[in-house]
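Below: the structure, in structure tokens.
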Number of protein chains: 2
Amino acid sequence: MDQKKICPRFEKALKILNHRWNTLLIYQLLDGPQRYSTIKKQLNISSRVLTERLKELETEEILLRTVIPTTPVVIEYELTEKGYALAPVLKAIEQWSSDWVTITKD
Amino acid sequence: MDQKKICPRFEKALKILNHRWNTLLIYQLLDGPQRYSTIKKQLNISSRVLTERLKELETEEILLRTVIPTTPVVIEYELTEKGYALAPVLKAIEQWSSDWVTITKD
DNA sequence: TACACTAGGTTACGAATTGTAAGTTAAAGA
DNA sequence: TCTTTAACTTACAATTCGTAACCTAGTGTA
């Protein structure tokens, strides 16, 4: 009848983090600022989706986009303080995966 | 050229956790065993997807499905030890969301 | 005997999201 | 003028998701 409601901020966090690629993208950027093309190669993600996700995370102020006016132009993406604050979440997932996840070949 | 490869176990963890609904589902079950219909109401998820995700998490041994032979039959889902081990991940997300997430109305 | 009720699903199908591959843009070097 | 490069866009096909209707036992009711 009366459903215990989930905190909207927690829900929003999950919405961001569970959006395909986002967590991996943040994980990748924990190593420091990186260029569009570097991220693309590392994650093996399509440019269409990568651009979309980078914009989403920029809007959420999890990362910052910097234009470096070389030629051709280079764009660097880096985590904001809010973004780096996600490190403990990623650490917890890493811990869990090393404790419990097994890889099965099929 | 040579991309620093991401640990396959970590990748698998992300694959499971980032699959839409899964994290919320696990969060919900941290409160203890729950029936199919209860989960459905709480999360406001469609039965098609709920069934699919419960099967996935059961396959991953994150949760356990128990048939209670009443009439009509009742099914209870509960986290396994592997499932409960995800609590720190959820706690970390909760912490981050309370520290950093703001809700914007649009 | 027939009918309805209930929990936990399945099924069909349209809508939304994702991946793929090709094209765009602007500056500079050949 | 033509080519190259980084960082995107665009068009479109393949997946995945949400919605609503339907299915299946095992009762209880008429």
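These numbers were taken from a predicted model, which means no experiment stands behind them. Lettering follows sequence order; numbering is per chain, from 1.
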Which listed nucleotide (C/dT18, D/dC17, C/dA21) is nearest to the side chain of A/H19? C/dT18
In whole angstrom, what separates B/Q34's CD from C/dA7's C1'? 16 Å
Rounded off to whole Å, could you give me the NZ-to-P distance for the B/K55 and D/dC17 pair? 15 Å
Distance in angstrom units between A/K41 NZ and D/dT5 C1', rounded: 12 Å
Distance, rounded to the nearest Å, where A/K40 contributes NZ and D/dC8 contributes P: 12 Å
Spacing of A/L50 atom CG relative to D/dT10 atom P, expressed in whole Å: 16 Å
Hey, does the side chain of B/Y77 come within less than 4.0 Å of C/dA7's phosphate (OP1/OP2), counting only N and O? no
OP1 or OP2 of C/dT10 under 4.0 Å from side-chain N/O of B/Y36: no
Whole Å only: how far is the CD1 atom of B/I45 from the C1' atom of D/dC17? 10 Å
D/dA6 C1' sits how many Å from A/I39 CD1, rounded? 13 Å
Upstream residue (5' side of DNA chain C) when B/P72 and A/T70 are each assigned their closest nucleotide: B/P72
Length of the line joining B/L43:CG and D/dT19:P, which is rounded to integer Å: 14 Å
State whether A/R53 places a side-chain N or O below 4.0 Å from either non-bridging phosphate oxygen (OP1 or OP2) of C/dT18. yes
Just to confirm, is there a sub-4.0 Å distance from OP1 or OP2 of D/dC8 to any side-chain nitrogen or oxygen of A/R35? no
Looking only at C/dT10, C/dA21, C/dT18, the nucleotide nearest the A/E52 side chain is C/dT18
Contact nearer the 5' end of DNA chain D, comparing A/I75 with A/R48: A/I75
Is A/S46 side chain donor-acceptor paired with the C/dT18 base, going by distance under 3.5 Å alone? no
Taking NZ, NE, NH1 and NH2 as the nitrogens, is one of them in A/E94 or A/K91 under 4.0 Å from a carboxylate oxygen of the other? yes
Touch check for A/T71, heavy atoms < 4.0 angstrom, all strands: base, sugar-phosphate only, or nothing? sugar-phosphate
Under 4.0 Å: is that the gap between some side-chain N or O of A/W21 and OP1 or OP2 of C/dT17? no
Give a yes or no on whether a salt bridge exists between A/E52 and A/K55, defined as a side-chain N under 4.0 angstrom from a carboxylate O. no
List the atom of A/G32, the atom of A/Y84, and the distance in Å for their closest heavy-atom pair. CA-OH, 3.9 Å
Side chain of A/V74: nearest nucleotide among C/dG8, C/dA22, D/dA7? D/dA7
All heavy atoms of B/W21 vs all of B/N44, minimum pair found to be CH2-O, 3.9 Å
Would you find more than 12 non-hydrogen atoms of other residues, nucleotides or ligands less than 6.0 Å from A/E61 atom CD? no
Select base, sugar-phosphate, or nothing to describe what B/S37 touches, counting heavy atoms under 4.0 Å on all strands. sugar-phosphate
Check: B/Q34/B/E76 side-chain N/O donor and acceptor closer than 3.5 Å: no
